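Structure, as C-alpha cells:
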Amino acid sequence: MADPASTPLGKMLLEEITPVVMVLCTPYVEESCLKNGLSLIQLLSPFCDFTNIDVPVRTASDQPYRLRKFKLRLFYSSDIRQPNLEVAKERLKKVITHVGEKNFLESSDPSQVNNLLSRPESEMLPSWFQFFNKELVRTLSFSDHEAFDHPVACLLVVSSKDDEPVNRFVDLFNTNKLPSLLNDGAMDPKIMKHYLLLHDNQDGPFNKATKLLADMRNAFGQNDCQIICFNSSQDGKIHHQDNPWAPFKSDALPTENLGGFLNLDDLNEIKDFMQELSSKHIIPYMEQKIRVLNQQVSATRKGFRNQIKNLWWRKGKEDTIDTPNGPVYTFNSIESQIRILGDYAFMLGDYELALSNYRLISTDYKLDKAWKRYAGVQEMMGLTYFLLDQSRKDAEYCMENAFNTYLKLGSAGRRNTTRCGLWWAEMLKTRDQLKEAATVYFRICGEDTLHSAVMLEQASFCYLLSKPPMLHKYGFHLVLSGDHYKKCDQIKHAIRTYRSAIPVYKGTTWSLIKDHVHFHIGQWYALLGMYDVAVTHMLEVLASTHQSKTTQELFLRDFLQIVQKTGKTFEVLKLQLPVINISSLKVIFEDQRTNASAAAARVKESLWRSLEEDIIPSSTARSNWLELQSKIMPRKYKESNICVAGEALKVDIEFKNPLQIPISVSSVSLMCELCANPEEDANSSNNEVQNNEDRTSTSSGDINSCLILSEVDFSLEGGETTVVQLTVTPRIEGILKIVGVKWKLSSAVVGLCNFEFNPVNRVVRGRRKQHSPSSDLKFLVIKSLPRLQGFIHSLPEKTYAGDLWPLVLELSNQSKSPVKNLKMKISNPRFLYAGNQKELNADFPACLKKKMNVEKSGRHANVNKTLQNLYHFPEDISVQEETSLSWPLWFHAAVPGNIPLYITIYYEMEGVSSIMKYRTLRMHYNLQVLPSLDVSFQLSTRPSRSQEFLLRMDVVNKTSSECFQVHQLSSVGQQWEISLLQPVDSILPSQSLFAGQSLSCFFMLKDRRRSSTSEDSIPSLSHIQSDVRLGPQDNSEAFFDVSSSPLADFHDCERSSRGMSSQGCEYKVDFVFITQLLKGNSDSSSNTPLVFSHHACDCSPSSMSPISWLVDGPRTIQHNFSAPPCEVNLKMTITNSSDAIASVHINTFDSPSSNNQLINDATTSQPPEHQSGWSEIPIVNDTKIITTEALTTRVPKSLSLESVPQFIWSGTSSTKLVLQPRSTAEIPLQICVFTPGIYDLSNYILNWNLTPVNDGENQGEANKSSGVCQGYPYYLSVLESNFKD
C-alpha cells in the first residue's frame, strides 16, 4: 500500500486530528481584519497548514525525528463547545441543498455504464462527498472523552488602538469568558499562552506599536509576545489572483475582494508569525507535555507492580451499574492524562507511543464500563494501526469493535457511530476492499434519513468501483439513496441519483425497477415544473405490459395530467402506445394491377402472377412494363413504384394495445411527401418532411390540395389488436414518399412513427441489387388512367354443393377514355364459367332444359374459350367512357369446402399513357360450400349379356334441414342407354329426399355401339334414351340438357380437374345427377327452384374383372338314351375389355371332386382381390351402400359329390388363346350326356393374365394382372324322347 498519509483517509486525519489553538481578541482586532472582508481566524487560517515545516521532534524517546507536515486549527473561545445537534443538522442540510442545486444545473444526460467505468476514479466520485464527510465529522468536535480537540495553546490578540493593551490581555483570559469545558474540568485550563499585538497601518505610525510591544514583553515575557503590522495598502484595491482565503469563507460573494489591504509584505509577515508560533512555541510545548505525562504514566501505570495494583484497584468496579457514559473523568485523572498523552503523540506523529498509551487506557475504560471512552480509544487504535501500516487485521478489528460499541450506546453514540463508520469505510477503500466498505456505509444508515441517503449513494459507488463491478447493487443503492433524498425533500438529489441508475437498467430485463425509476423521475420533474423532461420519462413507462392493471392506470393517468399541465400538444417520435407492428406494414397500390376489393389486395402477389401468365401479351415478356418504365423515368427514380394520380394508395398498419386497460386513439393519418417537380430532391430527411408539413400533408376532404389523407379514430380494449387502413391520394404528378404515421393518444399527445425497414433485395435486370428501405415507399405518380371497377351480382357467400346458378359480371368505366381487348381468366373453372352474351336475360332454369322438336347437333361449344379458365371477350366488345358492361357467368358449387375464387380481367387503353398500355382488374371471393348430397355409383357386368351393365346409384342427403327433389339421371354421351329396373314410386314415393335420408336405385345400362352379340336391334343414336326421369313418370317437363352449356362445360371441367381427357374412354361412362331445391331467391320475391347437378366421371366395371365371357347354346333338348350318347354343342364368347393383351386358359373337368380341388388350389394361390367373376348380388335395403369388393367377392358354390358323372366334356379339356386389347373371341364346346336330367354346366375354370402394351399405360389393369374365375351356372334340361329316330 502507498504511504498512508497520502491516502484520502490519511489526509483527512492530518487535517482533522491536529492541535487546536483557542483565539481571544478584542473588537478593534476584528474591525481591522474586516477591512479585508475577513475575520481574524479567516485571516490566519490559510497560513496554519505547513506541508514542509521540517521541525525536529523528541517525545518520550531519546531518538528525535523530523516532523514534515503540521497543521493548526484555530477556534474562537466561543466556538470551543460541543455543537448543537439541530444546528449541525441544519448546516449539513444546507450543504447538501447547495450541492444539489449546483450539480442539478450542471447535470447532463447520464453516461453509459461502459463509459462511466472507463473514467478515472476521481472523476467518477462526486467531489462533495469528502466535504460532506468532513462536515459530518466536525459535528463531534470538542467531545469530553477525546483530547485531540482540547486547546493546546491560547492566542491572545489585542489591537494597538485598544486602551491599555496589557490590561486588555489580562481581561481576555478571564475565567468567566473561557469555554465551559475548561471551567468544568473536562479540559486543562493551564495551557500555553501567546500574546500578539496587531497594528493596523491605516490607524497610525508604527512607533506607538513598538512601545506597546515593549510593555507587553515586560509583563508577559520576551518570547511569548509578538507584533504584526498589516493593512499596508492605502486604497485597499490589491487583488490576489491565488486567493488563499476562498476555502475558509464559503459565503464570500464572487465580486468581493478579499485581502484588499494586504500587500505581499503583510502576507509574508503573517506567514512567518504562524510558522514561528508552530515551530518555536506549540510544538516544543507539546513535546514537553508529552515527556512530563509519559513520566507520570510510567511512574504510576507502567511496570508489573503498577499493573497489578491497577487491576486490584479496579476489580471492585465490575459490579457497578452499566451506564452509557460511564464514570466521569476530570482532566487531571490518570485516565485522562493517558488519553491526552496518546492524542498528543498522535498529533505529533509518534504513532508507536500513541498506540501503546491507547492500549493501556483501553483496558481501564473497559473495566470501568466507560463504553463511549472505550469505543473512542478503540477507534484511535484502528487509525493508528492504519497510519503505521501494520496489521490490517488488528486495524479492522479495532474499528469494528469501536463501531459495534458505539451502536450499543444507542442514540448517545449515533453520531460517533457515523464518524467511526466513515473512517472505517475509507480505510477499507484504501485497501481495495470496496465491497466491505459498501457494507459499512449501509450499516451507518440510521434514523437520520438525509445522512442515510448520502451513505447509500457512497455505498453505490463502492459497488461500481469493485472488481468486477457489481452493477445491480450499484443501481439498487442509487435508487435507495434517491428514495431517501425524496423523503427529505431533496428532489434534485433524488432526480440525480435516479438518473444515474438509468444506464444500469437500460437494455436489461429488470423491467419493474426500470419503470419505477422513470415514473418517479417524471413525477419529480413535474414537481419542479419541468414538464417537458417529465413527459420524456413518463413516456418510458406507458407501454409497461408486465405491470398490473392498477399500475398501468396510474401510469397513464399521471402522464396525461402532466401533459395537460404543459398546456401544449407534445409530438413524440416512436411513441410506444399503441404499439405499431412495422413488420405487418402492407402498402396496397395500383399501377397496371388494380383490385376490385380489399380482399383481392390481400392475396399474395405470386398467386396473381401465376394466374396472369397467359393473359398478359407475350410482347411484354421481352420488354415488360418495368423495363419500359426504367427507360422513361429519371435514373434516380428507377427504383420507385408507380401509382396513378387520383387513385388512393392504401397502407395497412397493425396497432396493438399492450396494456390491460382501454386506450383511445384518434386522428391517425399518414405522413407523406409529394414533390410536384420530379427533378427536386426526393431524398429529403424526415425532419424536412415534418417542417414542410403545409406542403406535403393535408387534412382529409381538402380537394384542392395535392394530397388527400384519410384520418381514422378508434379505441382499443386491453390487449386488443386491430389493423387500420390509411389512404393517401395524390392529385398531381410527381414523386410521392410515404414517410410514416402519426396519431393522437387520448387527444393529448401526438405520436410519430417513421417507417424504417431492413434493406430489401430486389432483382433488377438479372442481377441482385440492394437498395434503401425508403425506395419501397417511394412512388412515381403518373397522370390519371382509365380504371375498371368490377362486381359479380348474386354470387352467394354460402351455398350447398352442386348448386348451379346464373350470375352477372358488371364492369364499370368511370374515366373519360374507353377500354378494349378484354380478357378474363378464372382460377377455378369448376365453380365459375363465362357464358355467352345471349344468356344474359335467359329464363332460369328453363334455359338449361332440352328444346322440344329440335334435332340435336352435338354439343354447343363456346368459341371464345381458348382454355377452360381463359375467356376472350368478343373483339367488338368494349367499355366506353362513363358506362358499364354486363356479362353472364355461370356458377357451380362443385365440391364442399371453403373455396377461394380468383378472377383477373385484362383490358387495354389506347393513347393515354406511354408507361402503361394495359391494366388488369383483380377480383377475389371466398365461398363456403356445404355438403348436400353424397352420390355414388356401382357398375357391374351381366354374365348373360356382355354389353349390358347393372348400375346402382346410392344417394344420401347430408344436410340438416334441406329437402331435395330428385329430377333426373343422365349419362353423358349418346352411346349409352339407361333405364330403371323398378319404378321410383316404389322406392321414393314422396319424390323428395329429406335431411338424413338415403336412396338406392338400380338401373340397366346398355352400350348400343357394340351389339354384335346382342339380341336387340340397334336404334339410331338420336333416339337413344340417355336420360331417366326420377320424378313423377307422368310429368311432361323436359329434361335438363347435359350436352349443352353450361352443364357440359362444367362436366368437362370436372374431368379436367381429375386428370381425365375430355373424350372419355370407350368402356367408361359419365353420369350427371340433377335435383332441385325449392327456396325463395334472395333477389326475387317468387319461389325459384334451385338446380343442383352432381357429376360422376369414368364409371366402369373394370373394378371387377377385365375378362368377361358368355356361354351360349340350347337350354332344353330331347334325346333317346337307348341310342348312342347325347352330344350337345355350345359356344363360349370371351371379351377382353382392358387395354392390355390377355392370355386366357380354359380348363373343363368331369369329376366334381376334382373341380373342388382345382378351385381350391387356384384360389389359395391367388390373393382375394384377384378372385373375380360373376356372383350373386345379395339383397340390400334402402339405407345400405355396398362396395365394389362386396360385389366381386364370390363364395364358391358347393357341389354335390357323385361317384359317377352324369355328363362329360367331350371336346378339348384345356384351351388356350390370346386376346388383343378391346377384342372378342369365340370357342366351341361340347358335352356328352348319359342320362336325362337338369345339368349345371359350370364345372370349368378360366385363368387369365394381362400383359400391358406399354409400361406407362394401363395402370388400372396393372393392379389386377391375373385372376381365376369359376364358371357361372348354365342349366341344360335333357328330356327322354318318346320316339325313335
Side-chain angles (χ1 to χ4, degrees), residues 19-45 47-48 72-81 142 150-184 187-232 248 259 261-262 266 269-278 280-282 285:
V20 173
V21 177
M22 182 175 64
V23 179
L24 299 173
C25 64
T26 63
Y28 283 116
V29 173
E30 290 293 343
E31 181 181 346
S32 298
C33 294
L34 289 176
K35 293 179 180 180
N36 298 283
L38 302 167
S39 65
L40 176 61
I41 290 182
Q42 291 173 348
L43 179 67
L44 300 178
S45 293
F47 309 102
C48 294
L72 294 177
R73 290 182 292 158
L74 306 181
F75 292 93
Y76 290 117
S77 61
S78 60
D79 294 333
I80 299 179
R81 55 185 174 81
F142 308 108
H150 295 183
V152 175
C154 178
L155 179 62
L156 294 92
V157 186
V158 174
S159 173
S160 59
K161 292 174 58 177
D162 285 313
D163 297 334
E164 298 181 359
V166 176
N167 294 332
R168 293 294 292 161
F169 280 119
V170 176
D171 294 339
L172 285 176
F173 203 76
N174 190 339
T175 56
N176 296 329
K177 298 180 180 180
L178 295 179
S180 59
L181 292 176
L182 273 72
N183 296 327
D184 295 342
M187 299 180 183
D188 187 2
K190 296 180 181 181
I191 57 178
M192 185 197 79
K193 301 180 184 65
H194 196 78
Y195 304 93
L196 176 63
L197 179 64
L198 198 63
H199 176 68
D200 188 350
N201 290 328
Q202 302 290 328
D203 296 336
F206 182 69
N207 298 332
K208 180 182 178 181
T210 305
K211 181 180 179 181
L212 294 176
L213 177 61
D215 295 340
M216 290 170 51
R217 288 177 176 175
N218 293 328
F220 305 113
Q222 181 70 26
N223 295 328
D224 296 333
C225 298
Q226 283 184 278
I227 185 173
I228 293 179
C229 297
F230 73 125
N231 289 345
S232 300
F248 304 94
F261 287 92
L262 301 176
D266 296 340
E269 188 174 355
I270 296 174
K271 182 178 180 181
D272 293 341
F273 166 74
M274 295 305 301
Q275 185 168 358
E276 183 179 350
L277 176 65
S278 301
K280 294 184 178 181
H281 298 280
I282 294 180
Y285 171 77

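Just the heavy atoms: all of them, side chains too, but no hydrogens, waters or symmetry mates, feed the values below. Quick caveat, the model's predicted, so the values are computed rather than measured.
With sequence neighbours left out, Ser232 forms a side chain to side chain donor-acceptor pair (under 3.5 Å) with Asn201, Asp266. Taking the side chain to side chain contact (heavy atoms under 4.5 Å, CB included) definition, one finds that Phe142 meets it with Val20, Phe75, Ile80, Asp149, Leu181, Met187, sequence neighbours left out. For Gln202, the side chain to side chain donor-acceptor pair (under 3.5 Å) criterion is met by no residue, not counting sequence neighbours. With sequence neighbours excluded, no residue forms a ring pair (Phe, Tyr, Trp, His ring centres under 6.0 Å) with Tyr28. Remark: Thr26 pairs with Asp162 by the side chain to side chain donor-acceptor pair (under 3.5 Å) rule, at least two apart or across chains. Residues satisfying the side chain to side chain donor-acceptor pair (under 3.5 Å) test with His199, not counting sequence neighbours, are Ser160.
Considering all non-hydrogen atoms of both residues, Ser77 and Pro179 come closest at O-CG, 3.2 Å. Taking all atoms of both residues into account, the shortest heavy-atom contact from Pro189 to Phe173 is O-CZ, 3.9 Å. Residue Gln42 comes nearest to Gly37 through the heavy atom pair OE1-O, 4.3 Å, listed as atom of the first residue, atom of the second, then distance. The shortest heavy-atom contact between Leu198 and Cys33 is CD2-SG, 4.1 Å. Residues Ala153 and Ile282 share a closest heavy-atom pair of CB-CG1, 4.2 Å. Looking at every heavy atom in both residues, Gly259 comes nearest to Leu38 through N-CD1, 4.4 Å.
Residue Lys193 holds its NZ atom at 10.0 Å from CG of Asp224, rounded to the nearest 0.5 Å. To the nearest 0.5 Å, atoms CG (Leu72) and CD (Gln275) are separated by 11.0 Å. Distance check, rounded to the nearest 0.5 Å: NE2 of His150 to CD1 of Ile191 gives 11.5 Å. With rounding to the nearest 0.5 angstrom, the CD1 atom of Ile270 is 4.0 Å from the CG atom of Leu43. Here the straight-line distance linking atom NE2 of His281 with atom CD of Gln226 works out to 5.0 Å at 0.5 Å rounding. Remark: Ser278 OG to Tyr285 OH distance equals 15.0 Å, nearest 0.5 Å.
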Please lay out, stage by stage, how Ser32 and Phe230 fare under the test side chain to side chain contact (heavy atoms under 4.5 Å, CB included). CA-CA 9 Å; Ser32 298; Phe230 73 125; 3.6 Å; yes
Leu155/Leu44 under side chain to side chain contact (heavy atoms under 4.5 Å, CB included): CA gap, chis, key distance, verdict: CA-CA 12 Å; Leu155 179 62; Leu44 300 178; 4.2 Å; yes
Acceptor/donor pairs from residues 163-170 side chains to any protein atom, 3.5 angstrom cut, sequence neighbours excluded:
from: Glu164; atom 1: OE1; to: Asn167; atom 2: ND2; distance (Å): 2.4

Quick one: side chains of residues 209-222, donor-acceptor pairs under 3.5 Å with protein atoms, not counting sequence neighbours, listed by atom name and distance.
from: Thr210; atom 1: OG1; to: Phe206; atom 2: O; distance (Å): 3.1
from: Asn218; atom 1: ND2; to: Ala214; atom 2: O; distance (Å): 3.2

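Listed by first and then second residue, the salt bridge (charged side-chain N to carboxylate O under 4.0 Å, His left out) pairs that reach into residues 23-38 are Lys35-Asp200, Lys35-Asp203, sequence neighbours excluded.
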